[in-house]
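Scroll down for the structure; my scribbles are underneath it.
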Amino acid sequence: MRILICGAGAIGAATAYYAAAAGAEVVVVEREGVACAASGKSGGFLARDWCEGSALAPLARRSFDLHGELAASGLGEWDYRRLDTWGVVASARRDMARHRSAEGPAWLSPGAAAHGRLGDTASTAQVHPAKFTRGLMAAAERHGVELRRGTVEGLSRSPDDSALTGAVVDGAVLEADAVVVAMGPWSILACGWLPLPAVGGLKGHSLVFEWTPEPAEALFVECEVANGEVHAPEVFPRPDGTTYVCGLPGEGDLPIDPGDVGVEAAAEGRLREMVATFAPEMAAAPARAFQACYRPVTRDGLPLLGRVAGIEGAYVATGHNVWGILNAPASGEAMADLVLEGAATSVDLAPFQPGRLPPAAPPVVRASDAARRPDAGPGS
Ligand SMILES: Cc1cc2nc3c(=O)[nH]c(=O)nc-3n(C[C@H](O)[C@H](O)[C@H](O)COP(=O)(O)OP(=O)(O)OC[C@H]3O[C@@H](n4cnc5c(N)ncnc54)[C@H](O)[C@@H]3O)c2cc1C
């Protein structure tokens with residue numbers, strides 16, 4: 001069976017890896033570059049039990065375990081490690097000393113207090129998301145996966161419209177028995193090609209500081225800055241001597257070209273101001289990266305993982321919101337099973353069926369985007 005996967009983020013790469021490892025012929029089509037979007041610019045934080053009580057819980061537990069297995073398998077190196085995780089309050093306006101617990105990171109400034117442990121090395125971990133995604137893609141290529149640079153512009157169908165025969169890539173049909181749409185927030189384009197629920201994109205900024213605390217501990221901070229605004233930065237020290245901080249949403253519509261995602265200049269200063277409330281030395285350190293990306297979201301907060309009803313060979317794997325790096329391995333494993341075997345056995349995909357939500361209208365593409373892309377195909 002020949003499977004065409006649209007998009008080489010963490011979800012596309014994991015699906016490609018598991019499908020190829022099971023013996024399928026796989027082609028991945030990526031418009032910009034492997035891990036060029038959220039899968040390269042996210043925090044890479046993993047938690048085993050933070051989705052308990054939601055339909056995501058089994059997917060998260062299976063994924064957390066698979067992350068450990070993948071890291072130990074020798075497939076590649078992507079800075080996987082377990083670490084402790086703390087809840088912290090910080091303020092530029094108040095003394096937080098009374099909130100401080102006896103334990104907690106010693107490197108916090110007096111303006112901050114760790115109020116509790118949110119996870120330990122049994123339940124929380126991290127990867128470098130870009131290295132993870134590229135590492136899985138490289139492992140998939142060693143299993144024979146073909147990675148193609150190209151833009152998926154539409155899908156091709158059988159004469160009676162009942163089945164997919166492939167995808168339109170840069171104006172030509174690339175034939176396949178099954179097509180998996182895994183274009184993150186850009187999966188919205190597929191609403192013009194298939195009866196799919198809406199997928200949105202929520203923008204977030206992040207800074208990677210050339211500074212790292214010792215010992216390395218992840219923080220989820222509730223932080224009051226000088227003007228009284230309260231933010232929720234997330235802080236992930238990395239084994240490469242840097243620390244990743246996100247927590248500032250961005251504005252602006254998703255550009256049709258992933259290469260056009262840009263930062264908003266003021267965001268860097270605002271992120272540094274937040275960091276200064278709990279780690280002034282880090283706030284003053286140079287930035288290795290200042291970046292923005294969009295996480296893919298659905299109307300009910302759950303991913304879309306499954307078959308598109310009524311069209312043979314059509315599948316979707318997206319909408320992983322804030323847990324796409326965590327949930328990539330079990331999503332990829334289950335999607336590979338579903339496409340190759342007809343059903344996923346490792347996790348129950350029923351809660352993630354795309355048919356649970358109404359199909360969306362085809363997206364409206366701005367004239368400026370269309371002008372930049374004269375090659376735009378059906379539905380884009
Ligand atoms: C600031 C921030 C921090 C985050 N932190 C964490 C975290 O700590 N832990 C966690 O688990 N999750 C985190 N997430 C969420 C996670 O990053 C995402 O859920 C995940 O990366 C989505 O992966 P994806 O493969 O679905 O999409 P993407 O990474 O967006 O990949 C989609 C790919 O499709 C390609 N594409 C787009 N259009 C086309 C086309 N027409 N043809 C071909 N290819 C196309 C794109 O170029 C891109 O490479 C974070 C998200 C954000 C925004």
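Keep in mind that the numbers below use all heavy atoms, side chains included, and drop hydrogens, waters and symmetry copies. Both counts, for ligands and for their atoms, begin at 1 and track the order of listing.
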Is there a polar contact, in the sense of an N or O pair closer than 3.5 Å, between [X] and ligand 1?
X      : result
Ile325 : yes
Gly324 : yes
Gly44  : yes
Arg31  : yes

Among all protein non-hydrogen atoms, which one is nearest to [atom], and what is the separation to 0.1 Å?
atom                    : answer
atom 38 (N) of ligand 1 : Trp186 CB, 3.4 Å
atom 27 (O) of ligand 1 : Gly184 CA, 3.3 Å
atom 42 (N) of ligand 1 : Val152 N, 2.9 Å
atom 26 (O) of ligand 1 : Ile11 CG1, 3.4 Å
atom 33 (C) of ligand 1 : Glu30 OE1, 3.6 Å
atom 4 (C) of ligand 1  : Ser42 CB, 3.3 Å

Side-chain donor-acceptor contacts of residues 334-345 below 3.5 Å, not counting sequence neighbours, with atom names and distances?
from: Asp337; atom 1: OD2; to: Thr345; atom 2: N; distance (Å): 3.4
from: Asp337; atom 1: OD2; to: Thr345; atom 2: OG1; distance (Å): 3.1

Taking atom CZ of Arg299 as the centre, report whether more than 12 heavy atoms of other residues, nucleotides or ligands fall under 6.0 Å from it.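 Atom CZ in Arg299 is not packed in, count stays at 12 or less.
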Does Glu281, at its CD atom, have more than 12 non-hydrogen atoms belonging to other residues, nucleotides or ligands within less than 6.0 Å?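 Atom CD in Glu281 is not packed in, count stays at 12 or less.
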Set of residues satisfying side-chain hydrogen bond (donor to acceptor under 3.5 Å, both in side chains) with respect to Arg238, sequence neighbours excluded: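 Not a single residue meets the side-chain hydrogen bond (donor to acceptor under 3.5 Å, both in side chains) criterion with Arg238.
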Could you tell me which non-hydrogen atom of [X] sits nearest to which non-hydrogen atom of [Y], and how far apart they are?
X      : Y      : value
Lys203 : Gly262 : NZ-O, 2.8 Å
Thr133 : Ser39  : OG1-O, 3.5 Å
Ser91  : Met96  : CB-CE, 3.3 Å
Val26  : Ala19  : CG2-CB, 3.9 Å

Enter the distance from Leu46:CG to Trp50:CH2 here, rounded to the nearest 0.5 Å.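 Taking CG in Leu46 and CH2 in Trp50, the distance rounds to 11.0 Å.
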Distance check, rounded to the nearest 0.5 Å: Arg48 atom CZ versus Arg61 atom CZ?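 Answer rounded to 0.5 Å: 6.5 Å.
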Side-chain donor-acceptor pair under 3.5 Å between His67 and Glu69, yes or no?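 Result is no, nothing qualifies.
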Side chains of Thr124 and Thr85 only: does a donor on one sit below 3.5 Å from an acceptor on the other?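 Per modelled atom types, Thr124 and Thr85 side chains form a pair under 3.5 Å.
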Answer with yes or no whether Gly319 contacts ligand 1, where contact means a heavy atom under 4.0 Å from a ligand atom.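 It does not; every heavy atom stays at 4.0 Å or beyond.
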I'd like to know whether ligand 1 has Ser206 as a neighbour, heavy-atom separation below 4.0 Å.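 Heavy atoms of Ser206 never come under 4.0 Å of ligand 1.
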Taking the six-membered ring for Trp and the full ring for Phe, Tyr or His, determine whether the centres of Trp323 and Phe64 are under 6.0 Å apart.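 Not close enough - the centres of the two rings lie 6.0 Å or further apart.
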Show which atoms of ligand 1 fall inside a sub-4.0 Å distance from at least one heavy-atom site of [X].
X      : value
Ala37  : 30 (O)
Gly150 : 42 (N), 43 (C)
Pro258 : 37 (C), 46 (C), 47 (O)
Gly43  : 3 (C), 4 (C), 5 (N), 6 (C), 7 (C), 8 (O)
Met183 : 32 (C), 34 (O), 38 (N), 39 (C), 40 (C), 41 (N), 42 (N), 45 (C)
Ser39  : 20 (C), 21 (O), 22 (C), 23 (O), 24 (P), 25 (O), 28 (P), 29 (O)
Val29  : 43 (C), 44 (N)
Leu326 : 10 (C), 11 (O)

Between [options], which one has a non-hydrogen atom sitting closest to [atom]?
atom                    : options                       : result
atom 30 (O) of ligand 1 : Gly9, Ala10, Pro185           : Pro185
atom 3 (C) of ligand 1  : Tyr244, Trp323, Phe45, Tyr294 : Tyr244
atom 51 (C) of ligand 1 : Lys41, Arg295, Glu32          : Arg295
atom 52 (C) of ligand 1 : Pro249, Cys293, Gly204        : Cys293

Side chain, backbone, both or neither: which part of [X] comes within less than 4.0 Å of ligand 1 when only heavy atoms are counted?
X      : result
Val322 : backbone
Ala38  : both
Asn321 : backbone

With the threshold set at 4.0 Å, does a side-chain nitrogen-carboxylate oxygen contact exist between Arg82 and Asp120?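 Here Arg82 does not pair with Asp120 in a salt bridge, since their nearest N and O are not under 4.0 Å apart.
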For the residue pair Phe45 and Phe236, categorise the inter-ring angle as parallel (less than 30°), tilted (30 to 60°) or perpendicular (more than 60°).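 Parallel, since the angle between the ring planes stays under 30°.
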Can you hop from Leu357 to Val297 via hydrophobic side chains spaced under 4.5 Å?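 Not linked; separate clusters.
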